[in-house]
There are 2 protein chains.
Amino acid sequence: MSEISKEYIELIPNLFKNFQRLNQKSSCLTHLQNQILEFLFMNQQPLTIKQISEALNVPKQQMTDLIKRLMDQGYITKSQNRVDKRSFVIELTEQGKFSQQEKWTKIYQNFINDLTKLNHEEQLDLRYALHKVNYLLKKMEES
Amino acid sequence: MSEISKEYIELIPNLFKNFQRLNQKSSCLTHLQNQILEFLFMNQQPLTIKQISEALNVPKQQMTDLIKRLMDQGYITKSQNRVDKRSFVIELTEQGKFSQQEKWTKIYQNFINDLTKLNHEEQLDLRYALHKVNYLLKKMEES
DNA sequence: TAATATAGTAATAAATTATATACCAAATTC
DNA sequence: GAATTTGGTATATAATTTATTACTATATTA
């Protein structure tokens, strides 16, 4: 039990550098704006302001302005929620998606580059192990 | 080649929730203070102000104050670098380490909890796969 | 239907973070 | 040894983020 956990915990520092890269603000976005776009991108689906607010621990009062600025800059759209007329649904625009994908591209290229330090057999091993980890972590999350 | 990368990239969202948890500020620390402690904790070794500044993309002018406040609050120590008398070496105090470990404890408990959703065989698989991934990722980083 | 809870907005002050410029002392280069 | 670079500090200003309180309109509940 604790052996698995140890390995899991260790995994995080191993990916830390790349996460740092995600945090880096892309030119014209503030830290929080970036967090919001990132969160939308990760979730791959429209979210309400409240959902974002709670997940990121940003008070809803702040969200109003943040959302407005992101909208003005063309990163997201905001439309009424048909189910609940009080709330709004936030979605990434193409530009918004692109701004996030850019960061991933850098991570991707970095990884490809480092990969050459492994021989062919190790590469196959890594691929299989990553696949297994992803599969099982996902399974764990599905409560 | 691109198959491995795909799995690698996918790994990051799978760990995202826990990373979010790391970002959450613990009571009396500001966002940047937290980032600095986290970075020191991850690196497991003393760093100069410049190293932190560059890695976190925080201008050195800000560092002076940030470091001072962290020192005043007892999270870090600052001592002259013997090799280069212009620079200083920053280290986590016990309190500083503890403040970071707390967050990991939560991640750990969360993981242990989710683990019950896998059967025994899957747990063994996960452990082995995680071990493999960690081993190979580390090997890749050692240039 | 009246009372209450919820999603979001508005506005303001205080704290944090970002940007720019100038400075000192030790290190490096010529 | 003089000139230049580098690690860090000091200071002022602007932008962002946090915190507080009050408000509107829709949902929910009794």
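No experiment lies behind these values; they were computed from the predicted model shown. Quick note on labels: first sequence line is chain A, next is B, and so on, each numbered from 1.
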Going by heavy atoms in the side chains, are Val133(B) and Asn14(A) under 4.5 Å from each other?
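Contact flag for Val133(B)/Asn14(A) side chains = no.
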Does the side chain of Tyr75(A) come within less than 4.5 Å of Arg69(A)'s, by heavy atoms?
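A side-chain contact under 4.5 Å is absent here.
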Could you tell me the separation between the [atom1] atom of [X] and the [atom2] atom of [N], rounded to a whole number of Å?
X: Asn81(B); N: dT6(D); atom1: CG; atom2: C1'; value: 13 Å
X: Gln62(A); N: dT18(D); atom1: CD; atom2: C1'; value: 6 Å
X: Met63(A); N: dT16(D); atom1: CE; atom2: P; value: 16 Å
X: Leu32(B); N: dT18(D); atom1: CG; atom2: C1'; value: 14 Å
X: Asp65(A); N: dT17(D); atom1: CG; atom2: P; value: 10 Å
X: Leu56(A); N: dT18(D); atom1: CG; atom2: C1'; value: 15 Å
X: Lys68(A); N: dT16(D); atom1: NZ; atom2: P; value: 14 Å
X: Phe88(A); N: dT26(D); atom1: CZ; atom2: C1'; value: 11 Å

With a 6.0 Å cut-off (strictly less than), is the heavy-atom count around OH of Tyr135(B), excluding the residue itself, greater than 12?
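No.
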Look at the side chain of Gln61(B) and the base of dA18(C), then say whether one donor and one acceptor between them are separated by less than 3.5 Å.
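No, the side chain and the base share no sub-3.5 Å donor-acceptor pair.
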Quiz item: Lys50(B) side-chain donor-acceptor pair to dG7(D) base, under 3.5 Å:
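No pair found.
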What is the nucleic acid contact for [X], judged by heavy atoms within less than 4.0 Å: base, sugar-phosphate only, or nothing?
X: Lys60(A); result: base
X: Asp84(B); result: sugar-phosphate
X: Ser87(B); result: sugar-phosphate
X: Ser53(A); result: nothing

Nearest heavy-atom pair of Pro59(B) and Ser53(B): which atoms, and what distance?
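Closest approach of Pro59(B) to Ser53(B): C-OG, 4.1 Å.
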Just N and O in the side chain of Arg69(B): are any of them under 4.0 Å from OP1 or OP2 of dT16(C)?
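Yes.
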With a cut-off of less than 4.0 Å, is there a side-chain N or O of Thr30(B) near OP1 or OP2 of dT17(C)?
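Answer is yes, contact under 4.0 Å.
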Given dA10(C), dT16(C), dA26(C), the nucleotide with the shortest approach to the side chain of Thr64(A)
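When the side chain of Thr64(A) is considered, dA10(C) is the closest of dA10(C), dT16(C), dA26(C).
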State which of dG8(D), dA27(D), dT17(C) makes the closest approach to the side chain of Ile49(B).
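Ranking dG8(D), dA27(D), dT17(C) by closest atom to the Ile49(B) side chain puts dG8(D) first.
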Both Gln33(A) and Lys85(A) contact DNA chain D. Which one's nearest nucleotide lies toward the 5' end?
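On the 5' side of the pair lies Gln33(A).
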As a quick check of understanding, evaluate side-chain hydrogen bond (donor to acceptor under 3.5 Å, both in side chains) for Lys103(A) and Gln100(A), giving each step before the final call.
CA-CA 6 Å; Lys103(A) 295 189 288 186; Gln100(A) 293 306 297; 3.1 Å; yes
